[in-house]
Amino acid sequence: MQHTQTTHPSTAPDTDRAEGDRLVGSDRVLAVLKELARHPDGVSLDELTRAIGSPKPTVHRALAALRRAGLAGQDARGRYLLGDEFLRMAFAHHEARPEHMRVRPLLETLAARFGETARYAVLDGREVVYRAKADPPTGAVRLTSTVGGRNPAHATGVGKLLLAQELGTLDAVRQWIGASPLKRRTPRTLCTAEELHRELRTIGERGYALDDQENETGVNCLALPVYGTSPTAPSGAVSVSALSYRTPLRTLVDAVEEIREALGPLKEPF
């Protein structure tokens with residue numbers, strides 16, 4: 001008797017293997033691409049093989065695919081590095097997508113999580129400029145800050161955080177203050193070089209800054225650095241600013257790691 005064999009998609013070995021190979025192959029190509037990004041001076045095939053943990057022929061095929069697309073190249077020493085086409089696409093995308101647009105989804109996440117205002121700011125001399133903000137859900141009392149608004153750097157969490165990266169000594173703080181006294185926004189504002197220097201040292205040690213009603217009575221905040229354009233220095237800072245009666249400063253401090261994780265790849269130097 002002749003039997004007719006019916007092959008179902010779920011039991012077709014060749015089809016499944018091809019499907020799986022394409023998936024695994026794509027993962028390996030992406031792994032190679034990411035590893036190349038870690039070696040601006042180039043990396044050898046042997047080094048890539050060890051880092052990826054795949055057979056040398058597999059890594060070589062992934063490199064060949066990337067080179068055909070212009071996403072990888074090879075220098076005169078035979079070492080592999082990111083290709084010009086990859087760099088062109090990355091820079092074009094970066095230029096077309098301002099940093100404040102990149103942090104906007106993060107701010108919305110933080111505003112929804114804490115029911116408070118989340119802001120992104122950069123340092124501009126003695127002031128900070130707010131480039132983006134997200135307000136809490138409808139119904140909550142909101143802060144009156146605006147995008148493009150400014151505040152004294154020494155009186156804000158974002159400002160002190162960014163100053164801590166630039167002013168490493170008491171002399172540097174004194175030179176920054178110069179002949180213009182620091183404005184006292186509230187009774188808690190730090191206005192002397194000695195006070196500010198101590199605060200900046202503390203910020204550098206713990207990795208985040210606090211504004212304990214120093215810029216506005218009844219409002220506190222916690223700020224963390226954002227690494228969006230430089231592999232070594234923060235390009236700005238994100239803060240969660242809260243009404244102190246609703247979200248005490250202790251609540252923000254207890255959640256600092258949660259806030260840091262919400263920043264994703266922007267939370268640390270790249």
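All values below were derived from every heavy atom in this structure, side-chain atoms included, with hydrogens, water molecules and symmetry-related copies excluded.
Every residue meeting the side-chain hydrogen bond (donor to acceptor under 3.5 Å, both in side chains) condition with Asp75, not counting sequence neighbours, appears here in chain and number order: Arg77.
A salt bridge does not link Arg50 to Asp46: none of the charged side-chain nitrogens sits closer than 4.0 Å to a carboxylate oxygen. Checked for salt-bridge contact, Arg113 and Glu108 miss the test: no charged N lies under 4.0 Å from a carboxylate O. Under a 4.0 Å N-O distance rule, the pair Asp124/Arg150 qualifies as a salt bridge.
Between Gln74 and Arg79, the side chains place no donor N or O within less than 3.5 Å of an acceptor N or O (distance only, hydrogens not considered). For the residue pair Glu214 / Thr189, no side-chain donor-acceptor distance below 3.5 Å is found, with atom types taken as modelled.
Summarising the local packing, CZ of Arg260 is surrounded by more than 12 heavy atoms from other residues, nucleotides or ligands at distances under 6.0 Å. Enclosure of atom CG in Asp212 by more than 12 non-hydrogen atoms of other residues, nucleotides or ligands within 6.0 angstrom is indicated. Environment of NE2 in His39: crowded, with over 12 heavy atoms of neighbouring residues, nucleotides or ligands closer than 6.0 Å.
The cationic atom of Arg119 (NZ for Lys, CZ for Arg) lies less than 6.0 Å from the six-membered ring centre of Tyr130 and within 45° of the ring axis.
For Glu47 (side chain) and Ser44 (main-chain N/O), a donor-acceptor pair under 3.5 Å exists by modelled atom type. Looking at Ser241, its side chain never comes within 3.5 Å of a backbone N or O of Asn220 through a donor-acceptor pair. Between the side chain of Gln213 and the backbone N or O of Gly218 there is at least one donor-acceptor pair closer than 3.5 Å.
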